[in-house]
Amino acid sequence: MQHGSDSRSAHRTRNLFKNALLRLLETESFAYISVKDIVETAEFNRTTFYNHYVDKFALLDDVTQDLLDEFGAAFQTSFQKYPPNSKILMDKKDIIIFDFVYRNRYSLSIFKQTDILPMISQKYSQTMQDNLMDIWSPQADMAEHRLKAYTKIFTYGLMGTISGWISEDLSASPETVTQDFVDFYNFKIENINK
């Protein structure tokens with residue numbers, strides 16, 4: 001994204017472009033969406049678009065970053081109390097990540113596009129790993145290499161759960177997915193505590 005005015009008007013214009021791209025992604029692959037399609041959907045002109053973005057990839061990065069920031073906050077809130085060596089049972093009230101995914105299902109539908117999926121999946125996985133390292137490092141009483149390994153496995157398990165749920169068109173409720181995740185996590189803790 002180009003660094004222009006961060007006025008309310010500029011922010012509103014960028015949001016209109018982001019929403020236009022998301023609407024187009026409902027029916028078209030990103031590879032086939034042009035800047036012309038985006039500006040027509042947003043009801044702006046190309047000059048306005050280029051005042052805010054270098055190209056459609058910069059716009060996609062902006063959309064992805066917004067979701068990533070919100071996803072990271074929901075993720076951090078969900079798991080900050082549960083470092084790897086914790087013997088505390090997970091409380092489903094703390095786990096808001098699945099509610100976030102469900103509320104943002106329209107925007108996250110871009111996950112289903114094969115031409116975008118690898119880039120976004122990698123960004124989300126890395127964000128989750130970084131967030132876990134940030135919140136768990138001060139709490140975890142374990143070597144850093146073990147914490148990194150645990151974080152990676154935890155992240156892949158959670159991303160697999162989310163990706164599978166999305167591929168099933170979120171047919172299970174967020175409450176059901178949350179409960180299943182909490183039950184799986186707590187099974188480990190209950191067996192360690194025996």
Indicate the atoms forming the closest heavy-atom contact of Ala58 with Val54, along with that distance.
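The pair with the smallest heavy-atom distance is CB-N, 4.0 Å.
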Heavy-atom pair with the smallest gap, counting every atom of Asn85 and Gln139
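Closest approach of Asn85 to Gln139: OD1-O, 4.2 Å.
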Consider only side-chain heavy atoms of I, L, V, M, F, W and Y, link residues closer than 4.5 Å, and tell whether [X] and [Y] are in one cluster.
X	Y	value
Met142	Ile88	yes
Val63	Tyr50	yes
Phe184	Ile153	no

With no hydrogens and no angle check, is any side-chain donor or acceptor of [X] less than 3.5 Å from a backbone partner on [Y]?
X	Y	result
Thr155	Thr151	yes
Asn131	Gln76	no
Asp169	Ser171	no

Between Asp37 and Arg23, does any NZ, NE, NH1 or NH2 come within less than 4.0 Å of an OD or OE carboxylate oxygen?
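Salt bridge between Arg23 and Asp37, a charged N being under 4.0 Å from a carboxylate O: no.
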Can you check whether [X] and [Y] have ring centres sitting under 6.0 Å from each other?
X	Y	answer
Trp136	Phe79	no
Phe100	Phe75	no
Phe181	Trp165	no

At what distance, to the nearest 0.5 angstrom, does [atom1] of [X] lie from [atom2] of [Y]?
X	Y	atom1	atom2	result
Arg12	Arg8	CZ	CZ	11.5 Å
Ile33	Leu24	CD1	CG	5.0 Å
Phe44	Leu16	CZ	CG	5.0 Å
Asp99	Ser173	CG	OG	9.0 Å
Ile135	Lys81	CD1	NZ	12.0 Å
Gln179	Ile95	CD	CD1	11.0 Å

Beyond-backbone contact of [X] with [Y], side-chain heavy atoms, under 4.5 angstrom:
X	Y	answer
Gln129	Tyr156	yes
Ser34	Lys56	no
Asp62	Phe17	no
Leu170	Val101	yes
Glu175	Lys92	no
Ile162	Phe71	yes

Using a distance-only test with no angle check, is there a side-chain donor-acceptor pair under 3.5 angstrom linking Gln65 and Asp61?
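Side chains of Gln65 and Asp61: no pair found under 3.5 Å.
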Under a 3.5 Å threshold, yes or no: a donor from one side chain and an acceptor from the other, between Asn45 and Thr48?
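On atom types as modelled, these side chains qualify, holding a pair under 3.5 Å.
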Does Tyr102, at its OH atom, have more than 12 non-hydrogen atoms belonging to other residues, nucleotides or ligands within less than 6.0 Å?
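Atom OH in Tyr102 is not packed in, count stays at 12 or less.
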Out of Asp94, Ile96, Leu158, which residue meets the side chain to side chain contact (heavy atoms under 4.5 Å, CB included) rule with Ser78?
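Single pass found, and it is Ile96.
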How are the rings of Tyr185 and Tyr82 set relative to one another: parallel (under 30°), tilted (30 to 60°) or perpendicular (over 60°)?
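Rings of Tyr185 and Tyr82: perpendicular, over 60°.
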Could you go through the side chain to side chain contact (heavy atoms under 4.5 Å, CB included) check for Tyr53 and Val35 one step at a time?
CA-CA 10 Å; Tyr53 297 101; Val35 170; over 6 Å; no
Which is it for Leu22 and Glu26 under the side chain to side chain contact (heavy atoms under 4.5 Å, CB included) test, yes or no, and what are the steps along the way?
CA-CA 7 Å; Leu22 288 170; Glu26 285 186 328; over 6 Å; no
Taking the six-membered ring of Phe49 (Phe, Tyr or Trp), confirm whether the NZ or CZ of Arg46 is under 6.0 Å from its centre and within 45° of its axis.
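Here Arg46 fails the 6.0 Å and 45° test against Phe49.
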